[in-house]
2 protein chains.
Amino acid sequence: MRISELSRRSGVPTATIKYYLREGLLPPGRATAATQAEYDETHLRRLRLVRALIGVRGLSVSATKDVLGAVAAHAGERHQVLGLVLGARPVDEDGEPAPAPGSADVDTLIGELGWQVSDHAPSRAVLGETLETLRSLGEEVSHEALLGYAALAERTAVLDLDQLDPHADPVDQAESALLRTVLLEPALLALRRLAQEHESARRNT
Amino acid sequence: MRISELSRRSGVPTATIKYYLREGLLPPGRATAATQAEYDETHLRRLRLVRALIGVRGLSVSATKDVLGAVAAHAGERHQVLGLVLGARPVDEDGEPAPAPGSADVDTLIGELGWQVSDHAPSRAVLGETLETLRSLGEEVSHEALLGYAALAERTAVLDLDQLDPHADPVDQAESALLRTVLLEPALLALRRLAQEHESARRNT
DNA sequence: CACATTGGGTAGTGGCACTATCTATGTTAG
DNA sequence: CTAACATAGATAGTGCCACTACCCAATGTG
């Protein structure tokens, strides 16, 4: 199909599609001539995926590019992909591992839980920073509470992985995992909010 | 204290503080003269809170204003506050309840769980939209899985509420709840990512 | 009473996600 | 075969947002 059909079927203006092509969010079509290119279903799917990541989850264009790049680079290594980027901190100038400043607290917690995660997982830093900020605002999260949250996170992760189709090919599986990891985030937070409202009402009897 | 001290103690430039004052994120100081106003510790705390919501959680300035306004308006009605705005959809032009398009799925789920949440909780819509988007991408979340996530969300909420100090005054309690609800979000998502990486590695033996 | 500081207001900046326009081709209906 | 229309690719422009810089009259301060 040509760009106008891609646009019509996705609801995304052609100008925006061209923009995504320039930014590398969408692979170029197969050029048939100097001013003609052919797109297929994979482009359409990718475009919808990009829109979902940007629109539903609120990722920036560059973060979206990083995420998609990570999936492409590590497809087949599911756990790598799952631990990756996403919320992520900008990497060092030189694009290297990034020191992972992860506070001692976080390291201790992960050790206690027996979790095996790579040293430079950006989530370590996110976790550390968030807890540090809360502490500075006088809202320390106790170690026990943290263990409780971690246990629930672990069960959530089990649920996440149970939903992957083990027969799908690695690339599809990685993409599916990505989609569910990232796009379910707003849903999980919404569930928490609703549960809080319910629980709070319950306690106030 | 005067604005320069507020700036020095918070690390926020005076120009930015003035901006927040204009935007209503920070209440004006007590004016002592035409070109002089006095700020106190509550301003400092509020300023740090604003910075945390914007910086750590990534809320926009206007969303931050809405959140803080909601807390002020509903302090004392903890469950109202907890269910409120936050991630939120922009309200209708007229600022009314907003129809809450919440899909039938979501209503069913909430009914099944026996949760008591207000009809116009924005989280309903967020949840519905997210699930709908995933479905359109061919990643349907089964009803059973959703029930599983909801159960975990409920336990998370219990943990959240357990950490509130029942002796604190309602306003402080509402603020504390807000802080923990909103600021813990990145931390909870980070825990999920780490848990996914661990669980995925574990399964791959 | 000289002078740096402040409150309040207005205008400017840089980044981001598009969006519009232009040109040199291509395609296609008649 | 050609006139009308649709690209691809490039460049420039737009609107919004979160600041940021500057200006002024009015202070407070040594």
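Residue numbers begin at 1 in each chain, while the letters A, B, ... track the order of the sequences. Atoms considered below: every heavy atom in the structure, side chains included; atoms not considered: hydrogens, waters and symmetry mates.
- Spacing between atom CZ of Arg22(A) and atom C1' of dC16(C) amounts to 13 Å, rounded to whole angstrom units.
- Using a 4.0 Å heavy-atom criterion, one finds that Ser60(B) contacts the sugar-phosphate atoms exclusively.
- Applying the 3.5 Å distance criterion, the base of dA10(D) shares no donor-acceptor pair with the side chain of Lys18(A).
- With respect to Lys65(A) and Glu23(A), no salt bridge is recorded, no charged nitrogen being found less than 4.0 Å from a carboxylate O.
- Arg9(B) has a carboxylate O that lies under 4.0 Å from a charged side-chain N of Glu41(B), or vice versa, which qualifies the two as a salt bridge.
- Two residues, Pro13(A) and Ala33(A), neighbour DNA chain C, and the one matched to the more 5' nucleotide by heavy-atom proximity is Pro13(A).
- Atoms OH (Tyr39(A)) and P (dT7(D)) sit 10 Å apart, rounded to a whole Å.
- Here Ala15(A) lies in heavy-atom contact (under 4.0 Å) with a base.
- Around CZ of Arg30(A), the count of heavy atoms belonging to other residues, nucleotides or ligands within 6.0 Å does not exceed 12.
- Between Arg2(B) and Arg51(B), the one whose closest nucleotide on DNA chain D sits nearer the 5' end is Arg51(B).
- Position along DNA chain D of the nearest nucleotide to Val61(B) versus Thr32(B) favours Val61(B) as the more 5'-ward residue.
- The base of dT25(C) sits with one of its N or O atoms less than 3.5 Å from a complementary donor or acceptor on the side chain of Thr35(A).
- For Glu5(A) and Arg2(A), the salt-bridge test fails: no basic side-chain N is under 4.0 Å from an acidic carboxylate O.
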Report task. Report the C-alpha separation of Arg51(A) and Tyr20(A) in whole Å, then their side-chain angles, then the decisive distance to 0.1 Å, and conclude whether the side-chain hydrogen bond (donor to acceptor under 3.5 Å, both in side chains) test is met. Result -> CA-CA 10 Å; Arg51(A) 280 263 127 172; Tyr20(A) 290 161; 2.9 Å; yes
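- Atom P of nucleotide dT19(C) and atom CD1 of Ile17(A) are separated by 12 Å, given to the nearest angstrom.
- Taking atom CD of residue Glu38(B) and atom P of nucleotide dT5(C), one finds them 17 Å apart after rounding to whole Å.
- The interatomic distance linking Ile3(B) (CD1) with dT27(D) (C1') rounds to 15 Å, in whole Å.
- Residue Thr16(B) places at least one side-chain N or O under 4.0 Å from the OP1 or OP2 atom of dT20(D).
- For the pair Tyr20(A) and dC18(C), the criterion of a side-chain N or O lying under 4.0 Å from OP1 or OP2 is met.
- If you check every strand for non-hydrogen atoms under 4.0 Å, Ser4(B) touches sugar and phosphate atoms only.
- In this entry the distance linking NZ of Lys65(A) with C1' of dC16(C) reads 15 Å, nearest Å.
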